[in-house]
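Just below is one structure, and these are the notes that go with it.
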Amino acid sequence: MSLYCGIACRKKSFWCYRLLSTYVTKTRYLFELKEDDDACKKAQQTGAFYLFHSLAPLLQKSEQRYQAPQYSLLELERLLAKFGQDTQRIEDSVLIGCSKQHEAWFALDLGLNSSSSLNASLQKAEMEIELKGSFTDLRKALFQLNTKDASLLTTAQALLRWHDAHQFCSRSGQPTKKNVAGSKRVCPSSKIIYYPQAPTRISIPSSQMAPVVITLVSDGTRCLLARQSSFPKGMYSALAGFCDIGESLEEAVRREVAEEVGLELERLKYSASQHWSFPNSSLMIACHASVKPGQTEIQVNLKELEAAGWFSHDEVATALRRNNPYTQQQNGTFWLPPKLAIAHQLIKEWVEKPSCSTLPA
Ligand SMILES: NC(=O)C1=CN([C@@H]2O[C@H](COP(=O)(O)OP(=O)(O)OC[C@H]3O[C@@H](n4cnc5c(N)ncnc54)[C@H](O)[C@@H]3O)[C@@H](O)[C@H]2O)C=CC1
Ligand SMILES: [Mg+2]
């Protein structure tokens with residue numbers, strides 16, 4: 001087993017970006033902005049903002065086409081000042097993506113009640129005159145926009161709507177606080193962390209199921225297994241991760257693999273699903289995936305994983321036959337999740353049919 005314990009070279013950010021594909025570096029850059037408020041604040045300085053009013057995106061017409069204009073932080077500050085608004089309102093913005101060159105994109109709604117500024121929301125008509133555009137119902141706007149803007153604004157609206165609906169903690173009743181990127185809200189009093197899908201964490205049994213993708217990556221002869229520091233000693237599993245709001249399952253699979261081990265998928269194939277209760281209700285959606293032969297160098301994201309590695313078919317087949325893993329801990333071999341876990345089923349499926357045919361990712 002060639003185990004990479006992940007030497008992440010810290011250069012300004014979590015990883016060096018050399019050797020990683022554009023897609024992987026973009027994914028890891030966004031992960032960093034979601035995890036690090038200072039990095040996200042810094043990204044706002046050079047980023048671009050899309051504007052909404054009461055969940056309707058601003059569109060401008062140029063020639064026969066509509067487009068969604070972008071504003072710099074400076075332009076936004078000037079616009080707010082012109083209408084007597086403090087710049088605190090910018091704290092209501094959410095991170096929605098970035099360019100290949102790592103220009104971060106944000107969305108800000110000028111019409112929803114602000115949780116960061118005491119100012120009232122801005123009047124729609126006045127803003128449309130000032131901005132020479134119209135705040136357009138998103139369903140209508142989707143017919144007028146290019147695919148990139150349509151997908152971006154759909155994610156933006158979902159995130160802005162979620163934040164607007166989760167201003168208070170369902171346990172303490174206290175106002176919740178958004179992180180800079182808007183990838184979560186925290187209640188300072190109950191300490192519950194809310195993620196844009198379902199309330200999660202600790203004591204609040206979620207009434208919804210958070211969608212989670214779990215993926216067994218193969219390079220044709222080996223499969224990729226990983227472990228978190230929270231796992232029992234010696235246990236390795238498939239890569240798993242919560243879907244982000246606005247994401248398809250395929251996008252979540254690709255993003256999680258890029259974020260956690262720095263690999264770009266070539267193909268993936270749905271396998272099965274499972275309800276999973278730990279730590280809260282999740283809907284596990286399991287897939288097989290493959291990487292291009294020769295593009296198998298793992299770069300472990302040490303903020304998420306303790307280790308990851310490629311395991312041969314024989315090693316994994318032997319591990320599957322171990323029925324009492326706890327005895328294995330003594331002699332330091334690795335072991336796999338219990339039969340009940342869909343990770344076990346996914347791994348067993350691969351051992352029985354190593355060449356699970358996969359579809360383009
Ligand atoms: N049934 C099975 O075979 C397996 C199930 N799992 C489950 O999959 C889930 C996701 O696995 P991880 O690698 O931990 O996810 P992950 O790779 O997304 O990392 C967890 C982080 O995601 C963030 N996050 C985003 N949305 C979240 C939400 N709704 N709830 C909680 N955290 C959220 C948090 O920052 C958290 O620290 C876990 O709950 C785990 O129990 C994991 C492996 C096997
Ligand atoms: Mg994970």
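Just the heavy atoms: all of them, side chains too, but no hydrogens, waters or symmetry mates, feed the values below. Whatever order the structure lists them in is the order used to number ligands and atoms, beginning at 1.
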**OP:** Pull out every atom of ligand 1 sitting under 4.0 Å from any heavy atom of Ala341, numbered as shown with elements.
**Re:** 2 (C), 3 (O)
**OP:** May I ask you to check if ligand 1 and Phe242 share an N or O to N or O distance below 3.5 Å?
**Re:** yes
**OP:** For Glu259 and Thr27, work out which heavy atoms get closest and say how close.
**Re:** CG-CG2, 3.6 Å
Subject >> N, O or S of Glu256 under 2.8 Å from the Mg ion (ligand 2) >> reply: no
Original post:
Taking the six-membered ring for Trp, are the ring centroids of Phe49 and Phe106 within less than 6.0 Å of each other?
Top reply: yes
Original post:
With a cut-off of under 6.0 Å to the ring centre and 45° to the axis, is Lys148 in cation-pi contact with Trp105?
Top reply: yes
Original post:
If you count the atoms of ligand 1 from 1 in the order shown, which ones are under 4.0 Å from a heavy atom of Gln228?
Top reply: 12 (P), 13 (O), 14 (O)
Original post:
Which heavy atom of Ser189 sits nearest a heavy atom of Gln174, and at what distance?
Top reply: CB-CG, 3.8 Å
Original post:
Is the shortest heavy-atom distance from the side chain of Leu79 to the side chain of Lys82 under 4.5 Å?
Top reply: no
Original post:
ligand 1 versus Phe278, non-hydrogen atoms closer than 4.0 Å: side chain, backbone, both, neither?
Top reply: backbone
**OP:** Would you mind listing which atoms of ligand 1 come within a distance below 4.0 Å of any non-hydrogen atom of Ala240?
**Re:** 11 (O), 12 (P), 13 (O), 15 (O), 16 (P), 17 (O), 42 (C), 43 (C)
Original post:
For ligand 1, does Glu304 get within less than 4.0 Å through its side chain, its backbone, both, or neither, judged by non-hydrogen atoms?
Top reply: side chain
Original post:
What closest approach, in Å, do Leu239 and Ala226 show between heavy atoms, and which atom pair accounts for it?
Top reply: CD2-CB, 3.6 Å
Original post:
How does Gln274 reach ligand 1, by side chain, by backbone, by both or by neither, if only non-hydrogen atoms under 4.0 Å count?
Top reply: side chain
Subject >> Neighbour count above 12 (heavy atom, 6.0 Å) for Gln123 CD >> reply: no
Subject >> Val212 neighbourhood, listing ligand 1 atoms whose heavy-atom distance to it stays under 4.0 Å >> reply: 8 (O), 9 (C), 10 (C)
Subject >> the Mg ion (ligand 2) - name of the N/O/S atom of Glu260 that sits closest to it >> reply: OE2
Subject >> Ring centroid separation Phe334 to Phe311 under 6.0 Å >> reply: yes
**OP:** Using a 4.0 Å heavy-atom cut-off, say whether Ile214 meets ligand 1 through its side chain, its backbone, both or neither.
**Re:** side chain
Original post:
Any chance the side chains of Thr318 and Glu315 put a donor and an acceptor closer than 3.5 Å?
Top reply: no
**OP:** Ignoring hydrogens, just give me the one of Phe231, Tyr195, Phe31 whose non-hydrogen atom is nearest atom 24 (N) of ligand 1.
**Re:** Tyr195
Subject >> Proximity of Glu260 to ligand 1 by residue part, where a heavy atom lies under 4.0 Å >> reply: side chain
**OP:** Just jot down the ligand 1 atoms closer than 4.0 angstrom to any heavy atom of Gly241, in number order.
**Re:** 15 (O), 16 (P), 17 (O), 18 (O)
Subject >> Metal proximity, Gly241 vs the Mg ion (ligand 2), N/O/S cut-off 2.8 Å >> reply: no
Subject >> Ala240 to Val212 - nearest heavy-atom pair and separation >> reply: CB-CG1, 4.3 Å
